[in-house]
Protein chains: 2
Amino acid sequence: MKQTSISPKSRYNIEALARGLELLALFSAERPSLSLSQIVEALPLNKSTAYRILATLEAQQYLVQDPLTRLYRPGLKVLQLGFTALNSLEVRQIARPHLEKLAQALDETVSLAVLDGFRTVYIDRIRNQSIVGVMLGIGSSLPAHCTALGKVLLADLAAGELDAMLTTHDLRAYTPKTITTPEVLRVALATIRQQGYALDDEELSAGLQAVAAPLYDQTGRVVAAVNVTGTTLNISPARLRDEILPALKAAAHEISLALGAAPGPH
Amino acid sequence: MKQTSISPKSRYNIEALARGLELLALFSAERPSLSLSQIVEALPLNKSTAYRILATLEAQQYLVQDPLTRLYRPGLKVLQLGFTALNSLEVRQIARPHLEKLAQALDETVSLAVLDGFRTVYIDRIRNQSIVGVMLGIGSSLPAHCTALGKVLLADLAAGELDAMLTTHDLRAYTPKTITTPEVLRVALATIRQQGYALDDEELSAGLQAVAAPLYDQTGRVVAAVNVTGTTLNISPARLRDEILPALKAAAHEISLALGAAPGPH
DNA sequence: ATGTTTGTTTCACTCAGTCAAACCAATTCT
DNA sequence: AGAATTGGTTTGACTGAGTGAAACAAACAT
């Protein structure tokens, strides 16, 4: 991402630590537990080095090892940390009650997300009881170009930032409707910027629809976004326009105010 | 557990990594963001060493630095990891629907926890809408001796394990009703073990009541515990005995079965 | 202006981290 | 059964990565 070629802070990188953190980051929803050998083949580490890293992570309770299978998985320390991270996001704290209100009023699932590079990271969600819908948990992420949330967040980037993103990430197609070219995306973002919301009509997954609106803070920058999701079945274009969109925009505006944004025609 | 007294795995400890992890663990709900100097005074680290560790953690997205205040706070990587940790706890996955059912039936807050050393760590919770109640989030922890959950979990420890705990942790009093001596605790745990549930009558906080029941897995060990909490106002002794306790025990039994425990008179 | 605090950078010394390779214990194959 | 394979644990020697002291810079308070 940032390439201050000559004097990056990364000059201070301490390798033993970096390796340990990389190892830790190997664990994911798909690979919740790993063996020493899996780790060694996934990372360019010597077996004994990996072993020592594991021992250290385990001693610190960042990992626990199942004594039978010898498999490692994230420990409670990680959990604990994760939640302090979550709670340190003040956007979330502030937005929470408004999201609840919105979700209740519409009886639909409402989510809150921030941008991390070119990815949309979910940081909160109030679900309705419908069976179908996004199954992604808090903390997980999706490419930004194919979600309403992502597009709203991208729309506020400086031109240069967006350019950088577009050269390093390609716009993978998830459905026939996914935006796959930089040109089309740029146009879409311009529209979104002026209309103050974004739509996702089956760009990520067939049958899935979403509307998202940006949240502004004191500085006038977009710091997060809220969306309402539903299936093509229970959200008609009419309902979306007449009921959902106004409620969403109102909620987003309220939250922005609570975040200290100047009242204005967002 | 095996104690090859002079050959603990900790011999493999790699210090640079350990220090980094300790630094990371400094962040908590109370101290969600820290400056370099705060860190240096909290840990036995040289300023420049701490600086390098911070740089490394930041490069790996484990921390982010507010460019204005220079304060560091946990990054999204940590969040992400935290949730994979949470989801890797299969107890939680399995218990979830039963907890929801229980919470709905009683219209009270229901929590799920595991034991970590001498602490009770909350790993899930379904809240009711009442204003008062435990304000602790998932991932946070409390001393085990003063909560119903904790006592249920302690009750299953081997005598030796409990002894070890009691010598290293003292039983801090949170209210006049808190159990503060090992002898009393041992007696209480024996009772709990045979009756299959634990009560907490204002042992942690005045006005707060809880009942907890253990969850068993295939091996017959207690792996987690469920509880129902409420205030002394809305939970009468009668209601507790006649309505809540039976429902709780039934739910716990169901979950245990789902975890593969042998059906039996728990 | 002057002192104080906090963050950044440099540098020389040495010990911590690394890799290769041996070792051991289970599995699986013949 | 023995042989071969796989995955985990342990050792030791070499050396560069990590360390602390101390100088430097910038921000802040007085």
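Each chain gets a letter, A, B and so on, in the order its sequence line appears, and its residues count up from 1.
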* Between the first and last five pairs of the helix from dA1(C)-dT30(D) to dT30(C)-dA1(D), the angle of the axes, rounded to 10 degrees -> 40°
Contact under 4.0 Å: [X] side-chain N or O vs [N] OP1/OP2:
X: Arg19(B); N: dT19(D); result: yes
X: Tyr12(A); N: dT9(C); result: yes
X: Arg70(B); N: dT8(C); result: yes
X: Tyr51(A); N: dG8(D); result: no
X: Arg52(B); N: dG7(C); result: no
X: Thr49(B); N: dG20(D); result: yes

* **Candidate pair Leu115(B) and Leu157(B), rule side-chain contact (heavy atoms from CB on, under 4.5 Å), full reasoning** => CA-CA 10 Å; Leu115(B) 194 65; Leu157(B) 289 182; 4.2 Å; yes
* Asked: With sequence neighbours excluded, what pairs up with Ser88(A) under the side-chain hydrogen bond (donor to acceptor under 3.5 Å, both in side chains) test?
  -> none
* Remember a base hit wins even if backbone is also touched, and classify Ile14(B) as base, sugar-phosphate or nothing at under 4.0 Å, heavy atoms. => sugar-phosphate
* Assign Ser37(A) to base, sugar-phosphate, or nothing according to its heavy-atom contacts below 4.0 angstrom with the strands shown. => sugar-phosphate
* To do: Report the relative orientation of the aromatic rings in His145(B) and Tyr174(B); use parallel for angles under 30°, tilted for 30 to 60°, perpendicular for over 60°.
  => tilted
* To do: Inspect the contact between Arg73(A) and Asp66(A) and indicate whether a charged nitrogen and a carboxylate oxygen are less than 4.0 angstrom apart.
  => no
* **Residue pair Ile39(B) / Tyr51(B), side-chain heavy-atom distance below 4.5 Å** => no
* Is any side-chain N or O of Lys47(A) under 3.5 Å from a base N or O of dG7(D), one able to act as donor and the other as acceptor? -> no
* Sidechain-backbone polar pair: Lys77(B) side chain, Ala25(A) backbone, donor-acceptor under 3.5 Å -> no
